[in-house]
Number of protein chains: 2
Amino acid sequence: MSPRRTDPRTRSTLVDIAAGLLAGEGPQALSARRVAAEAGSSTMAVYTNFGGMSGLVREMVHEGFARLEAYFSQVAATGDPVADMALLGRAYRRNALTNPHLYAVMFGGANPAGFSLNAEDRQYGRYTLGTVVECATRCIEAGRFDSGDAELVAHQLWTAVHGLVTLELGEYLIEPCNAGVVFEAQLIGLMVGAGDDVESAVRSVRSSRTRLATELGDPDPDE
Amino acid sequence: MSPRRTDPRTRSTLVDIAAGLLAGEGPQALSARRVAAEAGSSTMAVYTNFGGMSGLVREMVHEGFARLEAYFSQVAATGDPVADMALLGRAYRRNALTNPHLYAVMFGGANPAGFSLNAEDRQYGRYTLGTVVECATRCIEAGRFDSGDAELVAHQLWTAVHGLVTLELGEYLIEPCNAGVVFEAQLIGLMVGAGDDVESAVRSVRSSRTRLATELGDPDPDE
DNA sequence: TCCGGTGACATAACAGCGTTATGAAAAAAA
DNA sequence: TTTTTTTCATAACGCTGTTATGTCACCGGA
């Protein structure tokens, strides 16, 4: 109504509205006009603040990585690094299931408005994986994994959990094939393949269940 | 030029053009106007033949599953079902790397024109997994995997390879972390986790390399 | 206090998208 | 041959991201 809106926080307002739109109605609801209308301004606000829709989406992708890192930081480093790793996997999955549309934009290439990640964005994502690399290092030092490249182990685990989460979000996993079962089996398999012996891997993964409620704040171990 | 184009094969022509556009220029090149112009007709051809862009994209998704199944059928069933399984994984990955944009549409949710998979499409995808389930059954019968649900094992392996391929296509995997290494390690881990002992799993996966050239027609085992 | 400059935003437009109503003409059925 | 059905061209509607232009609010200096 007033010809001049004296709101210095237009930028974060737009991000919040866009995030709400993405989470609530999915990627196709993310349009410059919709965001602007919801904010009570014109589409130009998107361009002065973010240089276009791509910039706004990029901002949300970074926010998505921040949320993932926040989940990671909730996992404590205990004397059982393998159990820690299992919990990091749970945290990864929980973050994806909590923010499915955001996760799809981050990794699935769900294209809102011709957005596509650039090299810097991907580096941003790999940086977030630092927590996992550090945990893999502890696993190796503890003799639970074969001595080797911790970064490679982290990428292995990443691909595993990412694959599970992606198909789960895409509703490809069949009903009787419980995602939780697949998750634990996959994790155990990878740990055993990385050098751990079967019994201790199973024990560590199972023991991480008890930490779900306290560290990830999830009363339901979803399985 | 002629007021009536006497081409009874308009339908398959449109599919071919669309497939070429998707493979050559990516999802954003898939537009009704573009396809129609390339075919020398109007956008209405897309609607009479496919009911809209979604129908055309859906047709290509089905084509994608057919190609995947064609790759699968190139893998012979030998006396070493674990090696067969490793080769099926290679075939899956090769299909994805050969048709990256199509794969992204099939699983990544790369949204050309507001297309989204429905329940039938997903069932179509799971059906393609039948070859893997059958191979898992043979692994179990041969005592190489713990006796259990073959479909669950197949889904495990699917999530594993899918995760790897997705991050590989998204260029998330770092350079020194060779995708081939991750692939074999992940496969070995899953097989060991599924009941196989480490040595024979490693041996079977490694032995499948020699079958790459003959069965998948790939002279380069890409590590 | 005024005054010019700078930045943020509104307005309106352009090109492109999927989609649809209408109509003409070819093919098929009678 | 006549009628019906199907296929497609034309044009439009509403939507998208984006941009050129203009207008105001703010801010530093005189």
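Letters go in sequence order (proteins before strands), and every chain restarts at 1.
Neither OP1 nor OP2 of C:dC9 sits under 4.0 Å from any side-chain N or O of A:Ser41. Contact check, B:Ser54 against C:dG18: no side-chain N or O comes under 4.0 Å of OP1 or OP2. Look at A:Asn49 and you won't find any side-chain N or O under 4.0 angstrom from OP1 or OP2 of C:dG7.
Here B:Leu30 lies in heavy-atom contact (under 4.0 Å) with sugar-phosphate atoms only.
Counting to the nearest Å, the P atom of D:dT16 and the CE atom of A:Met44 are 17 Å from each other. Nucleotide C:dA12 holds its P atom 18 Å from the OH atom of A:Tyr47, rounded to whole Å. Computed from coordinates, the B:Arg34 CZ to C:dA15 P distance equals 18 Å when rounded to whole Å. Rounded to an integer number of Å, the gap from A:Leu56 CG to D:dT18 P is 11 Å. Atom CZ of B:Arg33 is separated from atom P of D:dC15 by 15 Å (rounded to the nearest Å). Atom CD of B:Gln28 and atom P of D:dT18 are 13 Å apart (whole Å). Rounded to an integer number of Å, the gap from CE of A:Met53 to P of D:dT19 is 14 Å.
Here the side chain of B:Glu184 pairs no donor or acceptor atom with the backbone of B:Val205 at under 3.5 angstrom. Formation of a donor-acceptor pair under 3.5 Å by the A:Asn99 side chain with backbone atoms of A:Asn95 is found in this model.
Between B:Tyr172 and A:Phe107, the angle of the ring planes lies from 30° to 60°, which puts this pair in the tilted group.
Nearest to the side-chain atoms of B:Ser42 among the listed nucleotides D:dC8, C:dA8, C:dG18 stands D:dC8. Closest approach to the B:Thr43 side chain among D:dG17, C:dT20, C:dG18 is made by C:dT20 (side chain taken as heavy atoms from C-beta onward).
Salt-bridge formation is not detected for the pair A:Glu120/A:Arg58: no Lys NZ or Arg NE/NH1/NH2 atom is positioned less than 4.0 Å from an Asp or Glu carboxylate oxygen.
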